[in-house]
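Everything on this sheet refers to the single structure shown next.
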Amino acid sequence: MSTTLENKKVIIAGGSSGIGLATAALLVQEKAQVIITGRNPDRLEEAAKVVPTAGLEVLDSNNRASLDAFFAAQGQLDHLVIALSGAKGGGMFSDLSLQDLRAGFEGKFWPQLDTMQAALPYLSKQGSITLVTAISSVSRMPGTSGLAAINGALETMIPGLAKEFQPLRINAVSPGIVNTPWWDFLPAANKAEAFKGYATQIPVGKVAEPEELAAAILFLMCNTNTTGTVLRCDGGLSL
């Protein structure tokens with residue numbers, strides 16, 4: 001790695017579960033000063049058991065005034081990871097509720113941009129921003145056109161923002177199918193069966209674990225020669 005995270009201040013928006021929480025755990029090991037935010041106090045309480053040394057903040061990333069106040073109170077920071085995600089926007093287009101797709105944008109696209117814009121005045125120019133998008137942006141899988149619109153919109157912005165923000169770096173990690181609580185809408189047996197089926201479609205032959213995505217995020221944070229990049233960490237699903 002090109003830089004160390006020891007004593008660096010890192011905010012992980014949406015860090016109370018899944019990829020965000022795995023990233024928080026990894027960054028704590030790297031001796032970073034980690035603060036995670038989330039809307040759900042119960043999830044944050046559970047997250048505290050995993051990363052007891054991390055700071056915790058109940059924060060609604062759909063509320064711009066709250067975001068502005070939060071980052072103003074935090075002051076200078078080195079790195080920002082935005083792992084905010086929604087649960088709507090998927091489905092075959094002929095049956096897709098466009099109201100649900102709008103809700104999908106409200107749950108992921110706009111909160112990611114609001115978080116980034118609110119944090120920007122406080123980010124070190126030697127630091128980084130890393131977004132978590134999704135491989136639906138390029139996978140061309142039936143039933144994901146709405147999700148592709150949300151994640152593709154974020155990814156399309158990355159190169160232009162890299163030039164606007166320079167020398168502050170911005171990148172995105174684009175995961176495929178990951179074993180996170182996002183899938184908990186399925187009963188455990190159905191989830192296991194779904195993952196078994198997906199594994200046959202993924203070139204690496206398995207569903208990813210959150211820790212694998214956390215390692216990709218760590219790379220983008222620490223490699224000071226990488227900006228404007230969308231790192232596909234999808235097991236080859238998009239091939």
Side-chain angles (χ1 to χ4, degrees), residues 1 12 14-30 36 43 46-47 50-51 81-93 95-96 104 107-108 112 128 130-156 158 171-223 225-226 228-239:
M1 296 294 180
I12 303 178
S16 61
S17 67
I19 294 169
L21 181 56
T23 302
L26 181 58
L27 298 188
V28 165
Q29 292 178 23
E30 295 290 321
I36 63 177
R43 279 194 173 183
E46 288 300 310
V50 178
V51 282
V81 178
I82 307 180
L84 302 164
S85 184
K88 295 186 176 182
M92 301 298 284
F93 186 77
D95 302 316
L96 178 62
K108 183 168 187 176
Q112 289 217 14
S128 72
T130 307
L131 309 185
V132 178
T133 57
I135 207 61
S136 56
S137 62
V138 295
S139 64
R140 303 179 182 87
M141 294 176 65
T144 66
S145 61
L147 300 174
I150 297 166
N151 291 292
L154 287 168
E155 292 181 5
T156 299
I158 296 293
N171 299 286
V173 166
S174 184
I177 298 167
V178 187
N179 182 17
T180 69
W182 190 90
W183 292 92
D184 288 350
F185 65 91
L186 292 173
N190 298 73
K191 179 179 175 180
E193 189 64 25
F195 282 1
K196 183 179 178 181
Y198 283 128
T200 66
Q201 304 172 41
I202 301 171
V204 298
K206 66 180 182 64
V207 168
E209 294 298 326
E211 291 75 15
E212 295 174 287
L213 277 301
I217 291 170
L218 177 63
F219 165 78
L220 292 175
M221 292 175 67
C222 290
N223 192 295
N225 203 46
T226 305
T229 295
V230 178
L231 179 58
R232 314 282 182 210
C233 190
D234 66 341
L237 184 62
S238 60
L239 297 177

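No experiment lies behind these values; they were computed from the predicted model shown.
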### Task
For residues 230-239, pull every pair meeting side-chain hydrogen bond (donor to acceptor under 3.5 Å, both in side chains), keeping only residues two or more places apart or in separate chains.
E155-R232, D234-S238

### Message
Main chain of L147, side chain of N151: is a donor-acceptor contact present, judged purely on distance under 3.5 Å?
### Response
yes

### OG1 on T200 to NZ on K206, rounded to 0.5 Å
14.5 Å

### Query
What pair of heavy atoms forms the shortest contact from M92 to G143, and how long is it?
SD-N, 3.4 Å

### Message
For T226 and F219: C-alpha separation, side-chain torsions, deciding distance, then whether side chain to side chain contact (heavy atoms under 4.5 Å, CB included) applies.
### Response
CA-CA 9 Å; T226 305; F219 165 78; 4.0 Å; yes

### Query
Minimum heavy-atom separation for G18 to P210, with atom names?
O-CB, 3.8 Å

### Query
If you measure from CD1 on I150 to OG on S136, what distance do you get to the nearest 0.5 Å?
7.5 Å

### Task
Please report the closest heavy-atom contact between A172 and L220, naming both atoms and the distance.
O-CD1, 3.7 Å

### Side chains of V81 and M221 in contact at under 4.5 Å (non-hydrogen atoms)
yes

### Message
If you compare all heavy atoms of I36 against all heavy atoms of A24, which two are closest, and at what distance to 0.1 Å?
### Response
CG2-CB, 3.7 Å

### Query
With no hydrogens and no angle check, is any side-chain donor or acceptor of Q201 less than 3.5 Å from a backbone partner on L237?
no

### Query
Considering residues at least two apart in sequence or located in another chain, which fulfil the ring pair (Phe, Tyr, Trp, His ring centres under 6.0 Å) criterion with F195?
W183

### Task
Could you tell me the separation between the CD1 atom of I82 and the NZ atom of K108, rounded to the nearest 0.5 Å?
11.0 Å

### Summary
Here the pair of heavy atoms bringing G20 nearest to A83 is CA-CB, 4.0 Å

### Message
Could you tell me if the side chain of I12 sits less than 4.5 Å from the side chain of L27, heavy atoms only?
### Response
yes

### Task
Please name the pair of heavy atoms, one in P203 and one in G235, separated by the smallest distance, quoted to 0.1 Å.
CD-O, 3.3 Å

#### Entry: Atom pair CG/CG of L218 and L213 - distance to nearest 0.5 Å
12.5 Å

### Query
Quick one: CD1 on I217 to CG on N171, what's the gap to the nearest 0.5 Å?
11.0 Å

### Message
Are E46 and S16 packed together at the side-chain level, in the sense that at least one heavy-atom pair is separated by less than 4.5 angstrom?
### Response
no

### Message
For the CD1 atom of I158 and the OG1 atom of T130, what is their distance to the nearest 0.5 Å?
### Response
9.0 Å

